[in-house]
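Read the structure below first, then the notes.
The first residue of the sequence shown is numbered 1, and numbering continues consecutively from there. Whatever order the structure lists ligands and atoms in, that order sets their numbers, starting from 1.
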Amino acid sequence: MNPAPSTAVPTGIDPEYLSDPDADRIRALIDHVCGHGAADILRAALPPGVPDAVVDMVSRHCRFDHAALLVFPERLGDLLDRLPHWGLRTTEVVPSTVVRDRIAERLGLRAESVEVHIVRCALPGDGVAACEGRNLELFAVAPVPGADFARLRAEERARNGETHFAFRVVEPTPITLLDLHDLLVSRDEVRRDGGGFNPHEDTFVLYFRSIGEPASDRWPRRLEILATGSYPEVLRRHAAPRPAAGRAGSPPREDSSREDPTREMLHLVTGAWVTQAIGVAARLGLADHLGDGSRSVADLAEAAGAEPDRLGRLLRLLAGHGVLRAEADGHYRLTERGALLRTERDGSLAALADLYSGLFFTSYLGLEHTVRTGEDAFTRVHGRESFEYFAEHPDDARLFREAMAFGTVVFDAVPAALDLPPGATVVDVGGGDGELLLRVLRDHPSARGVLFEQGHVVEAARELLAVSAAADRCDLVVGDFFTGALPDGADLYLLARILHDWADPECLVVLRALARAMPADARLAIVERPIVEAGGSVLPLRFDIQMMTNARGRERTVAEYRALLAEGGFELLDLRPLPLDMAVLTARPRPAQG
Ligand SMILES: C[S@@+](CC[C@H](N)C(=O)[O-])C[C@H]1O[C@@H](n2cnc3c(N)ncnc32)[C@H](O)[C@@H]1O
């Protein structure tokens with residue numbers, strides 16, 4: 001961090017203005033901005049105790065731009081006259097719309113009756129090196145007659161509620177902005193606080209307000225992320241409701257574990273027991289037996305062919321984790337969470353719960369071996385690599401396909417995230433049983449599809465296709481994406497949940513084969529669950545271990561995907577978020593050099 005200069009305030013301040021309450025605030029803000037390094041200013045705009053990794057990531061992509069303050073001069077000219085006394089050089093005065101609208105709303109007035117100007121000014125460079133290149137934005141609110149205005153002015157002077165510290169993204173891309181956004185909102189203490197795009201200035205802003213005592217005695221923890229350009233996807237994500245996890249309404253027993261490290265650790269260490277309990281519930285078909293109703297333990301035990309005492313204890317644990325609800329009469333019913341174990345529903349997790357507590361669970365006995373040696377856990381435990389194993393075990397292969405069908409919750413959002421020209425041909429490489437391709441064809445009625453898969457999987461896809469209205473627009477091609485030629489000449493190639501199955505060398509074989517098969521103007525759409533660096537959701541990290549244990553693959557950060565794609569002959573263009581931490585990453589073949 002930059003050392004604080006011994007005196008931050010430029011000399012030559014006219015003492016007359018120090019008695020003005022706004023003058024005092026402006027001076028204190030100059031002190032704060034000139035007296036601290038950018039990382040310290042950032043830290044003070046984020047929650048107390050924010051990890052270094054978060055500060056580092058924001059610092060890597062952004063530079064400090066300005067600090068903002070709401071002030072109340074009698075006349076705008078008065079303020080402009082005074083600024084040189086603080087060594088401030090006015091660079092621009094423009095009308096404000098966003099802040100004006102917010103103030104008008106608070107005063108219960110029409111926006112047009114409130115006048116707010118943004119006075120942009122550069123901080124002095126001379127003698128205060130830390131101020132070089134830093135700016136203030138003073139939002140000058142013209143007097144509005146009425147008691148409420150007096151109250152607003154008094155409150156704002158006391159609270160500085162509109163103050164923020166703005167960091168500008170140096171090389172903005174949708175991917176960088178999404179990464180930054182997700183990193184910040186992944187912290188429970190950070191709240192989204194509005195944002196928007198100003199077309200006149202081609203400027204995009206996101207505001208974040210953090211809970212916690214102010215870092216200094218007066219400035220709120222309010223951060224603005226600023227970028228040139230328009231990023232509607234990021235804005236949509238910013239406006240979306242916070243994910244339910246960790247919010248009020250989660251089962252209290254789980255949440256209470258957060259307070260005590262021993263309890264919390266015990267919770268983690270015993271997590272596999274819960275995986276097993278849910279897996280057994282899935283294999284006993286408890287959710288289907290319960291349906292929409294409630295049943296007694298004895299009744300359920302009979303229906304599921306289970307021993308009542310042991311089943312009762314299993315149900316009690318599942319209720320503790322919010323999978324079931326115990327009713328006053330001792331009956332159990334499904335919660336919304338538990339209903340995901342019903343087999344006959346979209347997005348069923350029943351097969352996944354069975355697979356993750358069964359075949360894929362036993363592989364974890366080889367995790368230590370994998371971590372120690374780098375050798376594949378699944379192969380060590382089951383004798384062969386997972387896709388070879390499935391080719392020889394049809395029942396397990398069916399369970400795997402059914403488990404993958406859970407991804408359809410995510411697939412529903414994929415077609416809208418693809419840019420497909422009319423009449424386009426789409427090749428789904430390793431497309432499984434065709435669930436994703438069928439959704440794309442359904443949403444794009446003029447598109448044609450090609451499903452490229454291994455022989456035994458294509459047979460399953462044939463069954464699904466047979467009952468689909470898009471059957472006549474879809475061809476099935478049996479092939480091996482490592483050794484066979486891929487269908488060429490199409491407009492869009494899908495690689496959904498393929499790259500994460502493999503290590504980089506295998507991925508490069510597939511990517512280079514794709515680069516050879518794809519026309520120069522075709523697009524590659526990769527559906528994966530990218531790891532958000534530093535403090536993002538833990539789900540991609542869990543799946544990363546899963547890929548290491550039950551495949552030879554890994555989850556990757558966006559930067560790793562970008563690098564992998566570049567090595568495979570592609571350029572990453574865009575990232576569009578999907579539910580459950582997944583995303584569509586769009587790439588194009590890199591034009592041949594020279
Ligand atoms: C994790 S699944 C993903 C399936 C589908 N894309 C989805 O997202 O539901 C991986 C798929 O890759 C296929 N696959 C594995 N090795 C392959 C190969 N060498 N050639 C073609 N497909 C392969 C498997 O059969 C499997 O369907």
**Item:** Check: Phe204 ring centroid to His238 ring centroid under 6.0 Å
**Value:** no

**Message:** Do the side chains of Arg439 and Asp412 get close enough for a salt bridge, i.e. N-O under 4.0 angstrom?
**Reply:** yes

**Prompt:** Is the shortest distance from a heavy atom of Phe390 to ligand 1 less than 4.0 Å?
**Reply:** no

**Request:** Just jot down the ligand 1 atoms closer than 4.0 angstrom to any heavy atom of Val457, in number order.
**Result:** 25 (O)

**Asked** What protein heavy atom is closest to atom 4 (C) of ligand 1, reported as residue, atom name and distance in Å?
**Response** Gly430 O, 3.4 Å

**Prompt:** Could Asp491 and Arg448 be called an ion pair, given the rule that one side-chain N must be under 4.0 Å from one carboxylate O?
**Reply:** no

**Asked** For residues Gln276 and Tyr356, is any side-chain donor paired with an opposing acceptor at under 3.5 Å?
**Response** no

**Request:** Measure the distances from the heavy atoms of Gly479 to every atom of ligand 1 and state whether one is below 4.0 angstrom.
**Result:** yes

**Request:** Pick one of side chain, backbone, both or neither for how Asp480 approaches ligand 1, counting any non-hydrogen atom pair under 4.0 Å.
**Result:** both

**Request:** Pick out which of Leu284, Leu314, Leu315 makes a side-chain contact (heavy atoms from CB on, under 4.5 Å) with Leu300.
**Result:** Leu315

**Message:** Suppose we measure from atom 26 (C) of ligand 1 to each protein heavy atom; which comes out shortest, and what is that distance?
**Reply:** Glu453 OE2, 3.3 Å

**Request:** Please could you name the atoms of ligand 1 that Phe482 approaches to less than 4.0 Å, counting only its heavy atoms?
**Result:** 19 (N)

**Asked** Counting from 1, what ligand 1 atoms have a heavy atom of Phe411 closer than 4.0 Å?
**Response** 7 (C), 8 (O), 9 (O)

**Prompt:** Quick one: do Arg554 and Glu560 make a salt bridge, cutoff under 4.0 Å?
**Reply:** no

**Message:** List ligand 1 atoms under 4.0 Å from Gly432, heavy atoms only on the residue side.
**Reply:** 4 (C), 5 (C), 27 (O)

**Prompt:** Counting heavy atoms only, which part of Asp501 comes closer than 4.0 Å to ligand 1: side chain, backbone, both or neither?
**Reply:** side chain

**Item:** ligand 1 contact on Ile498 by region, counting heavy-atom pairs under 4.0 Å
**Value:** side chain

**Nearest neighbour in protein (non-hydrogen) for atom 3 (C) of ligand 1** = Ala496 O, 3.6 Å

**Asked** Charged N to carboxylate O under 4.0 angstrom, Arg380 versus Glu375?
**Response** no

**Side chain, backbone, both or neither: Phe481 near ligand 1, heavy atoms under 4.0 Å** = both

**Heavy-atom donor-acceptor pair, Thr173 side chain to Thr176 backbone, under 3.5 Å** = yes

**Request:** For atom 8 (O) of ligand 1, grab the closest protein heavy atom and report residue, atom and distance to one decimal in Å.
**Result:** Arg497 NE, 2.9 Å

**Message:** Please check: side-chain N/O of Thr362 versus main-chain N/O of Leu359, any donor-acceptor pairing under 3.5 Å?
**Reply:** yes

